[in-house]
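These notes are about the structure you will find just below.
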Amino acid sequence: MPPEPYYITTPIYYVNDRPHIGHCYTTVVADVAARFARLLGRDVFFLTGTDEHAEKVVTTARERGLTPRQWSDANAAEFRRAFRLMEVAESDFMRTSEDRHKTRASAYIKRLMDSGDVYLGDYVGWFDASQEEYLTETVAKEHGFNSPVTGKPLEKRTEKNYFFRLSKYEDRLRAHFDARPEFVLPEARRNEVLGRLRQGLNDVPVSRAVKEGDEDWGILMPGDPGHRVYVWIEALCNYLTAVDEPERRKYWPATVHVMAKDILWFHAVIWPAMLMALGEPLPRTVYAHAYFVAEGRKMSKSLGNFIEIDLLEAYGRRYSIDAVRWYLATQGPLGATDADFAHARFVEVYNADLANGIGNCASRVGNMIEKYFGGQIPEEGGWGEIAFDLGFHRTGSEVDSEVADWLENFEQFDLSSALACGTAIATNIDLLINRTQPFKIAKQIENDVALRVVLAQILKHCAEAIRIASLLLYPAMPAKMASLWRAWNCSPLNDPDDADSGFRAPLAELAEWGGTWSLKPGQRIAKGDPLFMRADPAEPAPTA
RNA sequence: GGCGAGGUAGCUCAGCUGGUUUAGAGCGGCGGAUUCAUAACCCGCAGGUCGAGGGUUCGAGUCCCUCCCUCGCCA
């Protein structure tokens with residue numbers, strides 16, 4: 001049975017932007033989910049990329065004396081660099097200016113025109129002649145129907161425009177929402193969309209008139225060079241254009257589209273309606289997370305407090321990128337409410353979860369195996385229950401239950417709860433060590449040789465539990481877990497030096513307590529360097 | 001203005017259809033114990049009128065009403 005495909009996407013990012021925590025958060029969330037799925041043995045396709053056809057791209061490029069192509073090449077490269085830095089391993093990076101996207105997107109529009117779902121109509125709007133742009137009714141009203149920039153009166157203008165017959169799909173959309181509660185998540189976001197859906201849907205413009213002297217940038221309406229496909233509409237198409245080829249067709253429909261809440265409407269209503277019109281199946285889930293704020297304050301240009309990639313890079317240098325990923329994945333706004341990127345909080349989480357948690361636990365176990373068994377997994381004792389009553393003879397099944405919870409939480413897309421299953425194992429091992437006190441037993445071995453078996457069993461249990469915990473933590477911290485696996489000679493990766501090289505077996509086999517992939521007697525465990533050095537809360541925050 | 005979410009320990013939050021207790025967890029803080037470990041781990045404590053007021057009920061963070069506040073979506 002071939003593995004079930006898992007297709008996850010991020011939005012394609014506006015190529016004029018500088019990569020910041022918002023882009024990185026969405027992308028890291030998708031990457032973590034993709035790694036969960038790969039670890040489970042699914043056939044994963046993970047798409048991200050850049051949205052390049054906005055008019056502003058042309059003007060910005062011109063200001064810099066560059067062609068739109070040159071300008072977007074440079075900025076798309078910045079996004080790629082940011083994602084390499086964040087240890088993101090996408091399957092493909094789609095740029096909307098690529099031919100493969102343009103030709104396929106154009107073909108979709110053509111199909112919609114042929115079927116009548118896209119038609120030529122009259123667009124009436126408030127035109128700001130000084131800025132050469134249309135304003136929405138709301139914005140126009142706000143400014144007393146004068147230009148927000150120059151204050152000159154707006155003109156009510158009518159122009160020919162292509163529309164998508166969104167209204168036609170209102171009932172089918174509603175039915176889909178009813179039938180698939182997981183279609184839009186989290187639930188609060190779903191309610192918002194449903195509320196708005198109840199107010200009815202209007203057809204939406206999908207083209208912009210081509211003006212004299214316009215740069216050839218974008219996609220022309222099929223058969224009508226006087227109009228260009230509106231960037232939003234063609235951008236949505238990227239999810240399908242990227243996989244609309246024979247070898248990749250199996251990935252459609254997408255398992256989950258991840259994005260921030262501001263662009264939910266396009267993904268939850270317009271895109272699904274377009275797919276219905278195209279006769280394509282709909283994505284299983286559209287997941288809209290909330291925002292990160294910075295040190296308790298909303299990020300804005302005026303405050304100049306955007307957390308840009310350079311600051312995340314600085315955090316990465318001091319605490320490791322995996323620690324940054326851990327913070328994003330476990331403390332981030334995956335739910336409906338915003339989350340805070342605060343330095344004090346970062347250090348607390350880093351110390352509690354990583355340095356004092358899994359890091360310290362791996363250290364103490366590695367150290368004892370080094371000290372008492374010469375750095376080798378002892379021969380004595382099996383993987384069964386610990387031989388005498390220490391109150392903890394069910395370690396194996398407790399670990400199994402964490403693995404089960406991990407999977408369950410991942411299926412709900414509750415990444416932080418899933419990851420917590422990994423740290424929970426470490427916590428239980430800390431408890432086991434304190435209760436069984438192997439370091440005391442070690443001192444009594446000379447007097448009672450039988451105790452050596454007990455000591456061996458305890459430490460084997462601890463090490464095996466940590467091995468399995470590390471698998472559960474891998475999606476958030478691929479580099480650190482890969483280094484632990486190297487030190488312990490138990491890498492499940494195809495290439496132990498490459499955290500992105502894929503797994504030699506699915507989790508069900510890898511995480512089997514005492515199974516094929518378990519630690520073997522005689523196997524060398526290097527104590528190694530601490531995974532996460534404890535951080536000093538008093539140290540000032542890193543700066544970019 | 002319309003629709004929606006929410007206000008629970010210092011912080012982040014659990015508490016589903018009302019009655020497991022003297023309202024919980026994690027983190028932080030305080031005290032203790034311990035030494036295998038990264039001053040880590042473990043144990044104990046921390047008294048929050050569950051936004052305000054009123055009501056229903058034998059009994060309400062948990063239902064109803066009013067009010068205050070925060071936030072989201074839309075207009």
Side-chain angles (χ1 to χ4, degrees), chain A residues 136-142 184 186-202 260-266 268-269 288-291 293 295-296 298 319-320 323 327 330-373 375 391-392 414 416-417 419-421 423-424 426-445 455 458-459 462-463 466 525 527-538:
Chain A
T136 65
E137 185 72 26
T138 315
V139 174
K141 196 174 173 184
E142 253 174 39
V184 173
E187 205 181 342
R189 296 274 98 83
R190 176 173 184 269
N191 289 339
E192 283 175 8
V193 175
L194 274 171
R196 199 168 155 188
L197 216 43
R198 265 181 240 111
Q199 295 166 25
L201 294 175
N202 295 317
K261 59 188 178 181
D262 55 337
I263 55 173
L264 176 59
W265 182 253
F266 285 92
V269 174
H289 66 248
Y291 299 137
V293 300
E295 299 293 342
K298 196 168 178 175
Y319 305 103
S320 79
Y327 189 86
T330 64
Q331 308 298 310
L334 200 53
T337 53
D338 293 349
D340 195 7
F341 190 93
H343 182 253
R345 178 80 183 137
F346 183 96
V347 173
E348 278 178 10
V349 170
Y350 174 86
N351 279 337
D353 291 351
L354 306 183
N356 301 345
I358 183 68
N360 181 244
C361 188
S363 250
R364 65 200 301 209
V365 170
N367 191 61
M368 283 190 278
I369 289 175
E370 170 92 27
K371 253 180 165 165
Y372 311 141
F373 294 97
F392 277 87
D414 184 349
S416 63
S417 296
L419 293 167
C421 294
T423 53
T427 298
N428 284 329
I429 293 309
D430 276 332
L431 269 167
L432 177 69
I433 294 171
N434 284 338
R435 299 279 173 84
T436 59
Q437 302 188 293
F439 41 86
K440 279 194 175 166
I441 294 174
K443 289 171 184 162
Q444 299 162 14
I445 284 180
L455 179 63
I458 292 171
L459 292 181
C462 292
I466 289 171
I525 298 281
K527 210 172 92 182
D529 295 327
L531 287 173
F532 303 96
M533 279 310 297
R534 189 177 159 74
D536 177 7

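Each chain gets a letter, A, B and so on, in the order its sequence line appears, and its residues count up from 1. Keep in mind it's a predicted model, so treat the numbers as computed, not measured.
Among the heavy atoms of the strands lying under 4.0 Å from A/Phe532 is at least one base atom, whether or not backbone atoms are also near. Across all strands shown, A/Arg198 has no heavy atoms under 4.0 Å from either base or sugar-phosphate atoms. Base contact: A/Asn360 has a heavy atom under 4.0 Å from a base atom. Among the heavy atoms of the strands, none lies under 4.0 Å from A/Ala188. Counting any heavy atom pair closer than 4.0 Å across all strands shown, A/Gly195 reaches no nucleic acid atom. Counting non-hydrogen atoms under 4.0 angstrom, A/Leu264 reaches nothing in the nucleic acid. Using a 4.0 Å heavy-atom criterion, one finds that A/Gln331 contacts no nucleic acid atom at all. Using a 4.0 Å heavy-atom distance criterion, A/Lys527 is classed as making no nucleic acid contact. Counting any heavy atom pair closer than 4.0 Å across all strands shown, A/Pro530 reaches a base atom.
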inquiry  = Could you go through A/Arg345 and A/Glu348, starting from their C-alpha distance and side-chain angles, then the distance that decides it, and tell me whether this counts as salt bridge (Lys or Arg N to Asp or Glu O under 4.0 Å)?
reply    = CA-CA 5 Å; A/Arg345 178 80 183 137; A/Glu348 278 178 10; 3.5 Å; yes
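The side-chain contact (heavy atoms from CB on, under 4.5 Å) test applied to A/Tyr372 returns A/Met368, A/Phe439, A/Ala442, A/Leu455, A/Leu459, not counting sequence neighbours.
In this pair, A/Tyr319 and A/His343 present their aromatic rings tilted. The plane angle is within the 30 to 60° band. Taking the six-membered ring where tryptophan is involved, the planes of A/Tyr350 and A/Phe532 are perpendicular, since the angle between them exceeds 60° and thus also 30°.
The shortest distance between the side-chain N/O atoms of A/Asn367 and the OP1/OP2 oxygens of B/A37 is below 4.0 Å. Within the structure, a side-chain polar atom (N or O) of A/Arg196 is placed less than 4.0 Å from OP1 or OP2 of B/C74. Taking only side-chain nitrogens and oxygens, A/Lys371 comes nearer than 4.0 Å to OP1 or OP2 of B/A37.
With salt bridges taken as basic N to acidic carboxylate O contacts below 4.0 Å, none links A/Asp338 and A/Lys298. By the 4.0 Å N-to-carboxylate-O rule, A/Arg190 lies too far from A/Glu187 to be salt-bridged with it.
As rounded to whole Å, 11 Å separates atom P of B/G4 from atom CD of A/Gln199. Between the P atom of B/C74 and the CD1 atom of A/Ile263 lies a distance of 13 Å, rounded to the nearest Å. Whole-Å rounding puts the A/Lys440 NZ to B/C41 P distance at 19 Å. If you take CG of A/Leu194 and P of B/G72, they are 20 Å apart, rounded to a whole angstrom.
The glycosidic torsion of B/G61 lies within 90° of 0, which places this base in the syn conformation.
Open room surrounds CG on A/Asp529; 12 or fewer heavy atoms of other groups in view lie less than 6.0 Å from it.
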ask   = Could you write out RNA chain B as a dot-bracket string, with dots for unpaired bases, | for bases paired across to another strand, and Watson-Crick or G-U pairs counted at under 3.5 Å?
value = (((((((..((((.....[....)))).((((.........)))).....(((((..]....)))))))))))).
